[in-house]
Amino acid sequence: MQTLTFDSDDLDLTEDFLSRAYARMRIGGGSPAGSRARVRRSATPSLSVDELALDFDMSYAVTPLGRICLCVVHDGTIEDHVYPGVQDSFGPGDVVSFAPPDQAYAGVVRAARYNITMLDPALLDQVAATAPASRPGPVRLTGHRPHSPAAADRLRGAITYLRDHVLADPDLADQPLVASTAAQHLAATVLATFPNSALTDPTASDRADAHPAALRRALAHIDDHAGEPVTVAEIAAAAHITVRALQYAFRRHLDTTPLAHLRRVRLAHAHHELLAADPRDGTTVTQVAARWGFAHPGRFAALYRAAYGRSPHRTLVEA
């Protein structure tokens, strides 16, 4: 994981920093409120979460970033935000997608505190219900505003969880399964939040493909690769069906989802590791949980207790 911090009241230094950290930007001028800028970034190869606080007004003109750029406004306003076909302004509480990855955008930040979360657009294809071969191109967001307040709240919560419980601990964020699970969860939440080009309803072909043999191939792939950062798209490819058909097969035959089943398999692996571990060697529940993709110790403990009727700590110390 990479981290970056910046704190300055020098507008020239701030302009240079923002241009290097994001894309070309220009500060149009300070405001009476001050000229201090504070930025903190935490990032993995596929995503980054930045918290910015600017005491001044800044005009920005951003070249295409090649990434999905989400914004959550805490205080202040972002005004006259424009890209082809869109002109909008955002205030406290708003959750938006700034622009398609291949388009430039511009606007004005007015003494604002806000969050910028960027992710690789390829993550959407890893969790989308439509396989690449069955659509004309990569999954795209087709609107910049969430389709409902509830969807916005869920995305805001996913970003907060990522920032506070995954990226806040570099050792945890560097665990491959934690990073993969967090990235897929964020991508799935983005797709559930914004209008997009992915198709979710199974077709007649998908229903026909969702047979027990395909499900067995998917289950075998999960069992063989549970310790790797496997994606839903990879599981579907191993089963020789679309992601949409895969999801339908799991719902139809097991009344669950591929990711929920993967989580149960990883939970079982964590259980066996706890049984075999010796706490005198320094092994902890948190370490074992993170190795199997569980970033939040409290959530892991709740899942573990529901599955095994005891706490993971008790299993470790009594093994």
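In this text, all values refer to a predicted model and were calculated from it rather than measured experimentally. Starting from 1, each residue takes its place in the sequence as its number.
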| query | Partners of D255 by side chain to side chain donor-acceptor pair (under 3.5 Å), sequence neighbours excluded? | reply | none

| request: Only counting residues at least two apart or in another chain, list the ones meeting side chain to side chain donor-acceptor pair (under 3.5 Å) with Y248. | output: R207

Just checking, any donor-acceptor pair under 3.5 angstrom between side chains of [X] and [Y]?
X	Y	result
H74	E51	yes
E15	S19	no
N115	T117	yes

Under 3.5 Å, side chain of [X] to main-chain N/O of [Y], donor-acceptor pair present?
X	Y	result
R266	A226	yes
S180	P176	no
S35	D9	yes
H147	A192	yes
D10	S8	no
T142	P195	yes
R263	L303	no
R156	G93	yes
D80	Q87	no
D281	T283	no

Where [X] and [Y] come nearest, the two heavy atoms and their spacing:
X	Y	result
L141	S97	CD1-OG, 3.8 Å
C69	I116	SG-CG2, 3.7 Å
A277	L316	CB-CD1, 3.7 Å
A128	A198	CB-CB, 4.1 Å
A307	L267	CB-CD2, 3.8 Å
P312	Y304	N-CD2, 3.4 Å

| task | Evaluate side-chain contact (heavy atoms from CB on, under 4.5 Å) for T189 paired with Y161, printing each intermediate quantity in order. | result | CA-CA 12 Å; T189 306; Y161 174 80; over 6 Å; no

Joint hydrophobic cluster, [X] plus [Y], side-chain heavy atoms closer than 4.5 Å:
X	Y	answer
V62	V82	no
V86	Y105	yes
Y60	V108	no

When you compare the side chain of [Y] with that of [X], does any pair of heavy atoms fall below 4.5 Å?
X	Y	result
F294	V288	no
F6	T14	yes
L70	L119	yes
R38	D55	yes
P100	R140	no
T231	L123	no
F250	T257	no
V49	V166	no

| query | Run the side-chain contact (heavy atoms from CB on, under 4.5 Å) check on I78 and F98 step by step: do they pass? | reply | CA-CA 11 Å; I78 298 176; F98 261 167; 4.0 Å; yes

Nearest 0.5 angstrom please: [X] [atom1] to [Y] [atom2], how far?
X	Y	atom1	atom2	result
D174	L167	CG	CG	10.0 Å
L172	T286	CG	OG1	9.0 Å
R40	T5	CZ	OG1	6.5 Å
D7	L13	CG	CG	11.5 Å
L246	I235	CG	CD1	6.5 Å
R110	E79	CZ	CD	4.5 Å

| request: Walk me through it: do R299 and H165 pass the test side-chain contact (heavy atoms from CB on, under 4.5 Å)? | output: CA-CA 11 Å; R299 292 186 182 182; H165 296 289; over 6 Å; no

| task | Decide side-chain contact (heavy atoms from CB on, under 4.5 Å) for V95 and D153; before the verdict, give the C-alpha distance in whole Å, the side-chain angles of both, and the deciding distance to 0.1 Å. | result | CA-CA 8 Å; V95 182; D153 287 342; over 6 Å; no

Determine whether more than 12 heavy atoms belonging to other residues, nucleotides or ligands lie under 6.0 Å from atom [atom1] of [X].
X	atom1	value
R67	CZ	yes
Q2	CD	no
H261	NE2	yes

| Parallel, tilted or perpendicular, as decided by the 30° and 60° cut-offs, for the rings of H81 and F90 | tilted

| request: Anything under 30° is parallel, anything over 60° is perpendicular, the rest tilted; go ahead and classify Y83 against H144. | output: perpendicular

| Is the closest basic N to carboxylate O distance between R145 and D94 below 4.0 Å? | yes

| query | So among H271, H272, H269, which one has a ring-ring contact (aromatic ring centres under 6.0 Å, His included) with W292? | reply | H269

